[in-house]
Amino acid sequence: MRLLSTPTSPYARKVHIALREKNLPCEIEIVDLRDPEHAGKEQNPLGKIPILLCNDGEAIYDSAVILQYLELLHPQPPLLPSDPMEKIRCLRLEALADGIMDATIAWVQEHRRSKDCQDPGLLKKQRGKVQDGLAFLQTQSRDWSPDSPLDLGRIAAIAAIGYVDLRAPELLVPYADLHRWYQSLRDRPSVAETTPQ
Ligand SMILES: N[C@@H](CCC(=O)N[C@@H](CS)C(=O)NCC(=O)O)C(=O)O
């Protein structure tokens with residue numbers, strides 16, 4: 001398997017953590033998303049990474065589908081609960097964390113524009129999504145022990161929190177308990193080895 005990735009993509013980090021938790025070897029190819037001809041364009045019409053290239057050449061995207069693929073083909077250790085409703089809750093958490101990533105990226109991109117070009121309404125809307133999402137994660141995290149096995153929802157939460165911490169740490173400040181939960185996992189190999197710099 002080969003994963004098309006970038007060093008700071010939170011979506012790609014979800015996949016890196018799952019590969020490490022499942023102890024699956026995978027070649028990593030770093031893609032330069034600024035290059036209009038980057039390798040991902042050939043594999044995904046949207047040109048987005050992560051993309052998992054299977055040994056038979058099939059390209060799998062996006063991150064949520066890659067995680068399902070890994071879970072189906074390499075079920076041990078399981079990263080989804082077997083109870084149907086618990087599984088749905090776990091996938092809902094992944095969707096929420098993905099939404100936090102989407103909103104953080106939108107906020108950061110708008111913030112990088114020159115002050116007079118920024119849309120204050122868009123900044124407020126995206127910031128609100130990030131903060132409401134983090135508030136929900138913080139409530140959930142009170143039931144998460146640092147020693148319990150990770151699942152896809154928590155993996156996505158780690159990737160989302162890590163990305164906010166990297167690109168917009170000021171948005172994380174009000175969620176000290178959530179940040180503490182994140183920090184409590186920092187020595188876990190799958191988390192330590194994938195922390196964006
Ligand atoms: N929903 C997708 C989002 C992937 C995504 O937006 N990746 C970004 C990198 S963090 C990307 O490839 N951006 C390039 C582009 O949009 O052209 C997933 O979960 O994989």
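All ligand and atom numbering here is 1-based and tracks the order in the structure. All residue numbers in this chain count up from 1 along the given sequence. Please read all numbers here as calculations on a predicted model, not as lab measurements.
Closest protein heavy atom to atom 15 (C) of ligand 1: K48 CG, 3.9 Å. With respect to atom 17 (O) of ligand 1, the closest heavy atom belonging to the protein is G47 O, 4.1 Å. With hydrogens left out, the protein atom closest to atom 14 (C) of ligand 1 is L33 CD1, 4.0 Å, a heavy atom. Of the protein's heavy atoms, S9 OG, 3.3 Å lies nearest to atom 10 (S) of ligand 1. For atom 20 (O) of ligand 1, the closest non-hydrogen atom on the protein side is S63 N, 2.9 Å.
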Step by step, work out the side-chain contact (heavy atoms from CB on, under 4.5 Å) result for W144 and R154.
-> CA-CA 9 Å; W144 299 340; R154 278 180 235 185; 3.5 Å; yes

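Counted by atom type alone, R186 and Q183 present one or more donor-acceptor pairs between their side chains at under 3.5 Å.
Checking L4, D62, I49 against atom 4 (C) of ligand 1, the nearest heavy atom belongs to I49.
In summary, the atoms of ligand 1 found under 4.0 Å from a heavy atom of P50, numbered by their order in the structure, are 20 (O).
Under the 4.5 Å side-chain criterion, counting only non-hydrogen atoms from C-beta, I60 is not in contact with I51. Proximity of C26 to R2: side-chain heavy atoms (C-beta onward) are nowhere separated by under 4.5 Å.
Ionic pairing of D98 and K14 is present here: one or more N-O contacts between side-chain nitrogen and carboxylate oxygen are shorter than 4.0 angstrom.
One N or O on the side chain of R13 and one on the backbone of T194 form a donor-acceptor pair closer than 3.5 Å.
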